[in-house]
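Worksheet: one structure, shown below.
Quick caveat: nothing in here was measured; it's all calculated off a predicted structure.
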Amino acid sequence: MTDIGRGAGPDFIEALARGLDVLRSFRSGTPAMTLSELASLTGLARPTVRRILITLEQLGYVRADGRGYALTPRVLELGMAYVHSLNMWDVARPHMERLVAQTNESSSMAQLDGSDIVYVARVAVPKIVTLGVSIGTRFPAPPTSMGKVLLAALPPADLAGTLAEPSRSGITPRWQPSAAELGTALREVRAKGWALADQDLAPGIRSVATGVRDGEGRVIAAVNVTVHAAETSVETLLEDHLPRLLRTAADISHDWALTAHIPAVTV
């Protein structure tokens with residue numbers, strides 16, 4: 001793990017990077033991890049990991065229990081600071097809520113983080129069968145509709161490097177395309193302006209997504225509608241829900257552009 005995104009230079013703080021390596025080592029389904037497990041995952045020496053854990057514990061980001069160490073809710077502050085600083089949720093929420101009311105299906109927003117998408121906003125409806133996601137959830141980008149949209153929007157020079165980064169989602173998707181297959185799919189997304197994922201990530205999960213743009217016209221996020229394949233056909237998803245999704249994305253983009261040009265006033 002310590003090789004992923006590792007910086008260099010006289011101003012690079014290695015101790016901070018190692019602390020973040022430890023925080024990123026905690027995975028869904030393993031609420032507590034031992035010192036040995038964390039040392040193995042990070043590739044760091046046990047004494048180094050121990051000092052990092054003591055520091056994180058004193059700062060309130062981890063706690064020690066009988067099985068090892070576990071994250072505390074305070075870690076959420078790190079991720080939510082990012083979401084709130086962009087004001088994305090506040091601007092997008094009413095539009096997404098209206099979309100959900102119209103479709104009676106869940107809607108989410110995500111951004112790229114390496115070769116993964118990370119959920120930054122979500123409005124869900126109760127369903128018997130649902131995709132278990134929340135803000136901060138990450139999935140591999142290629143098999144998701146939002147991931148296809150975001151990958152298709154990247155400059156060609158950046159796409160290969162982004163895809164070369166290993167996924168940190170811990171998920172093995174159903175669809176694992178070759179470079180040629182993914183290239184064809186992304187060209188179709190660029191031509192249409194939206195992407196469909198028909199059970200590419202997991203059985204039963206079907207979604208359609210499109211991009212949300214900033215005031216300069218750049219795709220900086222994607223928004224989707226997710227349905228269960230047993231309940232909603234591809235035809236219904238594309239004919240009924242997609243037009244509403246496209247209008248919603250346009251409205252969010254419009255409001256983001258207006259918000260970005262509102263002058264800041266300091267009192």
pair Leu163-Pro142: side-chain heavy atoms closer than 4.5 Å: yes
Main-chain N/O of Ser178 paired to Glu181 side chain as donor or acceptor, under 3.5 Å: yes
With no hydrogens and no angle check, just 3.5 Å: does a side-chain donor-acceptor pair link Arg46 and Ser36? yes
Under 3.5 Å, is there a donor-acceptor pair between the side chain of Thr137 and the main chain of Ser134? yes
Is there a path of hydrophobic side-chain contacts, each under 4.5 Å between heavy atoms, that joins Trp256 and Val123? yes
How close do His95 and Arg98 get, heavy atom to heavy atom, and via which atoms? ND1-NH2, 2.8 Å
From CD (Glu239) to CG (Leu237), nearest 0.5 Å: 10.0 Å
Gap separating the CD1 atom of Ile252 from the CG atom of Asp255, nearest 0.5 angstrom: 8.5 Å
For a side chain to side chain contact (heavy atoms under 4.5 Å, CB included) check, start with the C-alpha distance between His241 and Val227, then their side-chain angles and the critical distance, and finish with the verdict. CA-CA 10 Å; His241 299 340; Val227 302; 4.1 Å; yes
Run the side chain to side chain contact (heavy atoms under 4.5 Å, CB included) check on Met146 and Tyr119 step by step: do they pass? CA-CA 10 Å; Met146 291 193 289; Tyr119 282 64; 3.7 Å; yes
Would you confirm whether Thr232, through its side chain, and Ala229, through its main-chain N or O, come within 3.5 Å as a donor-acceptor pair? no
Arg168 side, atom CZ; Arg24 side, atom CZ - distance, nearest 0.5 Å: 5.5 Å
Please check: side-chain N/O of Thr162 versus main-chain N/O of Ser115, any donor-acceptor pairing under 3.5 Å? no
Heavy-atom pair of closest approach, residues Ser145 and Ala209: OG-CB, 3.3 Å
In terms of heavy-atom contacts, Leu23 and Leu56 come closest through CD2-CD1, 3.9 Å
Answer yes or no: is there a side-chain heavy-atom contact under 4.5 Å between Leu182 and Trp175? yes
Just so I know, are the side chains of Trp194 and Val208 near enough to count as touching, which here means a heavy-atom distance under 4.5 Å? yes
Identify the heavy atoms of Asp214 and Glu216 that sit nearest to each other, and give their distance. OD1-N, 2.9 Å
Any donor-acceptor pair under 3.5 Å from Ser253 side chain to Ala249 backbone: yes
Just so I know, are the side chains of Leu154 and Leu186 near enough to count as touching, which here means a heavy-atom distance under 4.5 Å? no
Scanning both residues in full, the closest heavy-atom pair of Val75 with Leu71 reads CG2-CD2, 4.0 Å
Is the closest side-chain heavy-atom distance between Met33 and Phe26 below 4.5 Å? yes
Distance-only, no hydrogens or angles: does the Ser107 side chain make a donor-acceptor pair with backbone N or O of Asn224 under 3.5 Å? yes
Does a side-chain heavy-atom distance below 4.5 Å link Arg244 with Thr103? yes
Look at the side-chain heavy atoms of Ile, Leu, Val, Met, Phe, Trp and Tyr, link any pair under 4.5 Å apart, and say whether Met109 and Leu196 land in one connected group. yes
Pair Arg122, Ser108: side-chain N/O donor-acceptor within cut-off below 3.5 Å: yes
Rounding to 0.5 Å, atoms OG1 (Thr34) and OH (Tyr69) come to a distance of 10.0 Å
Indicate if Val219 and Val118 have the same hydrophobic cluster label, given that clusters are the connected sets of ILVMFWY residues with side-chain heavy-atom separations under 4.5 angstrom. no
Can you confirm whether Asp158 sits close enough to Pro155 that some side-chain heavy atom of one is under 4.5 Å from a side-chain heavy atom of the other? yes
Donor-acceptor pair, Gln199 side chain versus Gly204 backbone, under 3.5 Å? yes
Honestly curious: do Ile54 and Leu41 fall in one hydrophobic cluster under the side-chain, below-4.5 Å linking rule? no
Under a 3.5 Å cutoff, is there a donor and acceptor pairing between the side chains of Asp21 and Thr42? no
Check: Arg138 and Ile117 side chains under 4.5 Å, non-hydrogen atoms: no
dist Gln111:CD -> Asp116:CG (nearest 0.5 Å) comes out at 13.5 Å
Can you name the nearest heavy-atom pair linking Arg50 to Leu35, along with the distance? N-CD1, 3.6 Å
Please round to the nearest 0.5 Å and tell me the distance separating atom CZ of Arg18 and atom CG of Leu20. 12.5 Å
Over 12 non-hydrogen atoms of neighbours within 6.0 angstrom of CD1 in Ile13: no
Main-chain N/O of Gly193 paired with Thr210 side-chain donor or acceptor, under 3.5 Å: yes
Any carboxylate oxygen within less than 4.0 angstrom of a Lys/Arg side-chain nitrogen, looking at Arg206 and Asp200? no
Walk me through whether Thr226 and Ser207 qualify under side chain to side chain donor-acceptor pair (under 3.5 Å). CA-CA 4 Å; Thr226 303; Ser207 67; 4.8 Å; no
